[in-house]
Chemist: 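Got a structure for you, questions after.
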Amino acid sequence: MSSRLPRKLRDTIRRRLIHWYRREQRDLPWRRTRDPYRIWLSEMMLQQTRVETVIPYYERFLERFPTVDVLASADEEDVLREWAGLGYYARARNLKRAAEHIVRDHGSMVPEDARQLGALPGIGRYTVGAIRSIAFRKPAALVDGNVNRVLSRLFAEPHFTDAALWGLAEALVSPSSPHEFNQGLMELGATVCVPRKPACERCPLTGQCEARQMDRPEDFPASKPKPPPKEVQAVSGILSRGGTRWLMLRRPSKGLLGGLWEVPSMEGDNPKALLAQLEERTGLRASIKSELGTLRHIFTHRALTLRVLELQAEGGRLKRSADARWVDAHELSELPLSRLIQKTLKLADVHPSR
DNA sequence: AAATCGGGGTT
DNA sequence: AACCCAGATTT
């Protein structure tokens, strides 16, 4: 693959991109540090998540978990709570598990070695390249959505294979300043070479860009048609005790919203089934007191229509369990809650308070 | 190779 | 409403 990249072109791209990045880079929190732990954290949060969304989470997370040792010895629930609202919660569980590995097996130091990094949970090919190039200044390549778009346009290739893309990235990466080159590629994709209406007049690589030459930047890369999210019905029930405590259940650790807390819920549109499941799981009997309303919530691959009911306690006693609790408004604020549950509680006029 | 896994900003 | 974001993991 590198054989198809003339050395002169490679050097021009490197030089122009790095110069542009030095001049135009945004001032972002993780660009003010070389602490590998902080670089790693930023990369985990930035997976499929925009810079502007991540910044406040990043700052708060580091106040609470300033070092890999603090993170490794923290409770998973506390880690999830700092992550709540950011999405893709497996990232937080993997981050915590990886921190434990690093403390136990690597003397609390984030490893430089690609194999050791890649063996950590939640760290794939992209994140290995990001940590090695940005934190350790190793000439490691990386490919993310931005890099894919920039390279596809540079070479007017609508359907790069992964192998071709990674081969190009490896051939291109600057050995003398890999951190600036890689971040420059991503920065360009994020601020100039954007998916729609790219600002080619501000691009340092217009002279090298084949898509620009064809005046068709938006044709690259070709986007694949994605199936629409599957429509799903669900029903939730709010059960309170004296209007001051509410029944909350912990979701299983794996799968959708794993490890987060929710009100009793189930798929389908059958309130009686919900009541039956509630009694089965908690030992509590309840009836339906009122309809609070309907919520619409879109996940990436699922479109949820949720009926929210107010339940009325009819007896029984809560089985002792780590996964079911009566919580007051303060305790509610200390549980990791997804956006969906935050919306559900709001609809029921239940407000977590610190 | 395709499906799963959140949430939100842009256009 | 469509698109996609500093992707990883499971199936």
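Lettering follows sequence order; numbering is per chain, from 1.
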Chemist: Could you tell me whether A/Glu267 and A/Arg307 make a salt bridge, using a distance below 4.0 angstrom between a side-chain N and a carboxylate O?
Modeler: no
Chemist: For A/Phe65, enumerate each residue passing the ring pair (Phe, Tyr, Trp, His ring centres under 6.0 Å) test, keeping only those at least two apart in sequence or located in another chain.
Modeler: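 A/Phe65 satisfies ring pair (Phe, Tyr, Trp, His ring centres under 6.0 Å) with A/Phe61 only.
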Chemist: Between protein and nucleotides 8-11 of chain B, what N or O pairs are separated by less than 3.5 Å?
Modeler:
residue : atom : partner  : partner atom : Å
B/dG8   : OP1  : A/Arg339 : NE           : 2.3
B/dG8   : OP1  : A/Arg339 : NH2          : 3.3
B/dG8   : N2   : A/Arg50  : NE           : 3.2
B/dG8   : N2   : A/Arg50  : NH2          : 3.2
B/dG9   : N2   : A/Arg50  : NH2          : 3.4

Chemist: If you draw the axis of the six-membered ring of A/Trp246, does the NZ or CZ of A/Arg241 fall within 45° of it and under 6.0 Å from the ring centre?
Modeler: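 No, A/Arg241 does not sit over the ring of A/Trp246.
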Chemist: Could one point to a donor on the side chain of A/Thr49 or the base of B/dG7 with an acceptor on the other under 3.5 Å away?
Modeler: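 Donor-acceptor pair under 3.5 Å: no.
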Chemist: Using the C1' atom on both, measure B/dA3 against C/dA6 and round to a whole Å.
Modeler: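 So the two C1' atoms sit 23 Å from each other.
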Chemist: Under the rule for ring pair (Phe, Tyr, Trp, His ring centres under 6.0 Å), what residues qualify as partners of A/Phe299, not counting sequence neighbours?
Modeler: A/His297
Chemist: Does anything in residues 126-147 of chain A come within less than 4.0 Å of DNA chain C? Heavy atoms only, and list the residues if so.
Modeler: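 By residue number: A/Tyr126, A/Thr127, A/Asp144, A/Gly145, A/Asn146.
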Chemist: Return the residues of residues 30-40 of chain A meeting this criterion: a heavy atom under 4.0 Å from some atom of DNA chain C. Order them by number, or give none.
Modeler: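 Contacting residues: A/Trp30, A/Arg31.
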Chemist: Any side-chain N or O of A/Tyr57 less than 4.0 Å from the OP1 or OP2 oxygen of B/dG7?
Modeler: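 Indeed not, no polar side-chain atom of A/Tyr57 lies that close.
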Chemist: For A/His351, enumerate each residue passing the side chain to side chain contact (heavy atoms under 4.5 Å, CB included) test, keeping only those at least two apart in sequence or located in another chain.
Modeler: A/Lys346, A/Asp349
Chemist: Taking the six-membered ring for Trp, are A/Trp83 and A/Tyr57 ring centroids under 6.0 Å apart?
Modeler: no
Chemist: Would you say C/dG7 has OP1 or OP2 under 4.0 Å from some side-chain N or O of A/Gln48?
Modeler: yes
Chemist: Mind checking side chain to side chain contact (heavy atoms under 4.5 Å, CB included) for A/Met214 and listing every partner two or more places apart, or none if nothing turns up?
Modeler: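 In terms of side chain to side chain contact (heavy atoms under 4.5 Å, CB included), with neighbours along the sequence ignored, A/Met214 is linked to A/Ala156, A/Arg216, A/Phe220.
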Chemist: Tell me every residue that passes side chain to side chain contact (heavy atoms under 4.5 Å, CB included) with A/Glu201, counting only those two or more places apart in sequence or in another chain.
Modeler: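 Partners of A/Glu201 by the side chain to side chain contact (heavy atoms under 4.5 Å, CB included) criterion, ordered by chain and then number, come out as A/Ala199.
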Chemist: Could you list the protein-to-nucleotides 2-4 of chain B atom pairs, N/O on both sides, closer than 3.5 Å?
Modeler:
none

Chemist: For A/Trp261, enumerate each residue passing the ring pair (Phe, Tyr, Trp, His ring centres under 6.0 Å) test, keeping only those at least two apart in sequence or located in another chain.
Modeler: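 Per chain and number, A/Trp261 pairs via ring pair (Phe, Tyr, Trp, His ring centres under 6.0 Å) with no residue.
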Chemist: Please identify each residue that fulfils side chain to side chain contact (heavy atoms under 4.5 Å, CB included) with A/Phe136, with sequence neighbours left out.
Modeler: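 Residues passing side chain to side chain contact (heavy atoms under 4.5 Å, CB included) with A/Phe136: A/Pro36, A/Val110, A/Glu112, A/Ile131, A/Lys138.
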Chemist: Closest approach to the side chain of A/Pro195, judged atom by atom: which nucleotide of C/dC4, C/dG7, C/dA6 is it?
Modeler: C/dC4
Chemist: Dump the pairs, protein N or O against N or O of nucleotides 9-11 of chain C, anything under 3.5 Å, distances to one decimal.
Modeler:
residue : atom : partner  : partner atom : Å
C/dT9   : OP1  : A/Gly122 : N            : 2.3

